[in-house]
Student: 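This is the structure I want to talk about, given as structure tokens.
Just follow the structure's listing: the first ligand is 1, and inside any ligand the first atom is 1.
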Amino acid sequence: MEKKIPITIDGREVEAAAGQMILEAARENGIFIPTLCHYPGTTKVGACRVCVVDVEGARSLVASCCMPVSPGMVVRTDTKKVRDAQRLIVELLWASGDHNCLTCEQNGNCDLQNLVYWLELETPRFSIQFPKYKPETTNTMISRDLNKCILCGRCIRACNEIQVNEVLDFSKRGSRAKVGPAFDADYIDSECFFCGECADVCPVGAITFRQSRFKGRPWEMQKVKTTCTYCGVGCQMDLNINNGKIVKVTGNRDYAQPNGGSLCIKGRFGLDFVNNPDRLKKPLIRKEKGGELTEASWDEALELIAKKFGEIKKKDGADSIAGLSSARCTNEENYLFQKFMRAVVGTNNVDHCARL
Ligand code: FES
């Protein structure tokens, strides 16, 4: 049986699992502690210190995200000392970035913005000074504005530990520290796979999805859970829909299997075909050699295919025909397809796009 450790948080006696961090124990018991750099499933780095708490007997405030519980520990999450420290940290972050919510894509979905509001801050005590980096818009999928970066490192850990792409890291030191691919390259000139994990985990507006820029605010999006149709893995994802159109695709960590909220470039960004005016919705037939493709009914198209298949089979044999099916079909449809190829056409030449 799992060993339980009794601790007290804000006067409440709770039980924590051995090895659990204070933050996790508090969250499990419905006690709110703010975080910025913490991201479940990645290394605990204790970089931002926003999660500080008062632990009886400790020399100073401790970061709850990386302090394990111990028997009899007495923790307070809401003392004046804790709030003063959180206010100072948030004000410093606010003052050192270009956090202009009016134009920020993350407005309404920003952890820093939420913290400023939660701590009831009107304005930072410090003058706002940020490095004036040129925002990166050199690819069509991900925008980066490092003037908004709070150096929490979530993107780096997501890139290295969740997707294991190992593209992002910190470079330089102190006030010149920044996050990005090797040699400070733009994403498009780097080894980036464009999985979009960095944008998904960014707590502020530093890394955002370029495709959805100006296409809808977070509160306008209707989220629809679906299964990615690109391959046979069956990744779960949320379509973000505004005005009846898919605006972006986000992962959802609540859907544990099979992808745990992560997506690849196709699932994440390959969505423009859905509303593309060139998308084929009816069969097209070229009635004369070299002529134009014209719309036809399904009966007409299927009749033509059957006739052509018959002619090919008669002339060159059934093995001159091959069938390629799709991961977008259901198992039942794929079963029927292979059955059709084997039993009706008479060939074993059957393959599937998910295997390629
Ligand atoms: Fe704990 Fe950042 S959330 S140090």
Student: At a 4.0 Å threshold, what atoms of ligand 1 neighbour a non-hydrogen atom of His38?
Tutor: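 This gives 3 (S) as the contact atoms.
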Student: Do any N/O/S atoms of Cys65 come under 2.8 Å of atom 1 (Fe) of ligand 1?
Tutor: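 For Cys65, the answer is yes, given that an N, O or S atom comes within less than 2.8 Å of atom 1 (Fe) of ligand 1.
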Student: Consider side-chain contact (heavy atoms from CB on, under 4.5 Å). Of Leu304, Ile321, Val344, which one does Phe309 pass it with?
Tutor: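 Testing each of Leu304, Ile321, Val344 against Phe309, the sole residue satisfying side-chain contact (heavy atoms from CB on, under 4.5 Å) is Ile321.
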Student: Which bit of Cys152 gets closer than 4.0 Å to ligand 1, counting heavy atoms only: side chain, backbone, both or neither?
Tutor: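 Cys152 to ligand 1: no contact under 4.0 Å from either part.
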Student: Can you tell me which residue among Thr35, Ile22, Ile33 is in a side-chain contact (heavy atoms from CB on, under 4.5 Å) with Arg27?
Tutor: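 Option passing the side-chain contact (heavy atoms from CB on, under 4.5 Å) with Arg27: Thr35.
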Student: Counting only heavy atoms not in Glu300, do more than 12 fall under 6.0 Å of its CD?
Tutor: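 Atom CD in Glu300 is packed in, count exceeds 12.
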Student: Restricting to non-hydrogen atoms, name the atom on Ser143 and the atom on Arg210 that form the minimum distance, rounded to 0.1 Å.
Tutor: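 Distance-wise, the nearest heavy atoms are OG-CD, 3.0 Å.
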Student: Under a 4.0 angstrom heavy-atom cut-off, which atoms of ligand 1 come close to Cys51?
Tutor: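 That gives atoms 1 (Fe), 3 (S), 4 (S) of ligand 1.
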Student: If you count the atoms of ligand 1 from 1 in the order shown, which ones are under 4.0 Å from a heavy atom of Thr35?
Tutor: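 Near Thr35, meaning under 4.0 Å from one of its heavy atoms, ligand 1 has 3 (S).
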Student: Looking at Phe269, is Lys266 sitting on its ring face, NZ or CZ under 6.0 Å from the six-membered ring centre and within 45 degrees of the normal?
Tutor: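 No.
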Student: Return yes if a side-chain donor-acceptor contact under 3.5 Å exists between Asn348 and Arg342, otherwise no.
Tutor: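 A pair is found: one side chain offers a donor N or O, the other an acceptor, under 3.5 Å apart.
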Student: Given the rule that I, L, V, M, F, W and Y join up when any side-chain heavy atoms are under 4.5 Å apart, are Val52 and Leu23 in one cluster?
Tutor: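 In one cluster: no.
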Student: Can you sort out which atoms of ligand 1 are near Leu36, meaning under 4.0 Å from one of its heavy atoms?
Tutor: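 Every atom of ligand 1 under 4.0 Å from some heavy atom of Leu36: 3 (S).
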Student: List every atom of ligand 1 that sits less than 4.0 Å from any heavy atom of Ala47, numbering the atoms from 1 in the order shown and giving each element.
Tutor: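 Those atoms are 4 (S).
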Student: Which angle, to 10 degrees, forms at atom 2 (Fe) of ligand 1 with SG of Cys48 on one side and SG of Cys37 on the other?
Tutor: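 Reported to 10°, the angle equals 110°.
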Student: At a 4.0 Å threshold, what atoms of ligand 1 neighbour a non-hydrogen atom of Gly46?
Tutor: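 Near Gly46, meaning under 4.0 Å from one of its heavy atoms, ligand 1 has 4 (S).
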Student: Report the nearest protein non-hydrogen atom to atom 4 (S) of ligand 1: residue, atom name, distance rounded to 0.1 Å.
Tutor: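 For atom 4 (S) of ligand 1, the nearest protein heavy atom comes out as Arg49 N, 3.1 Å.
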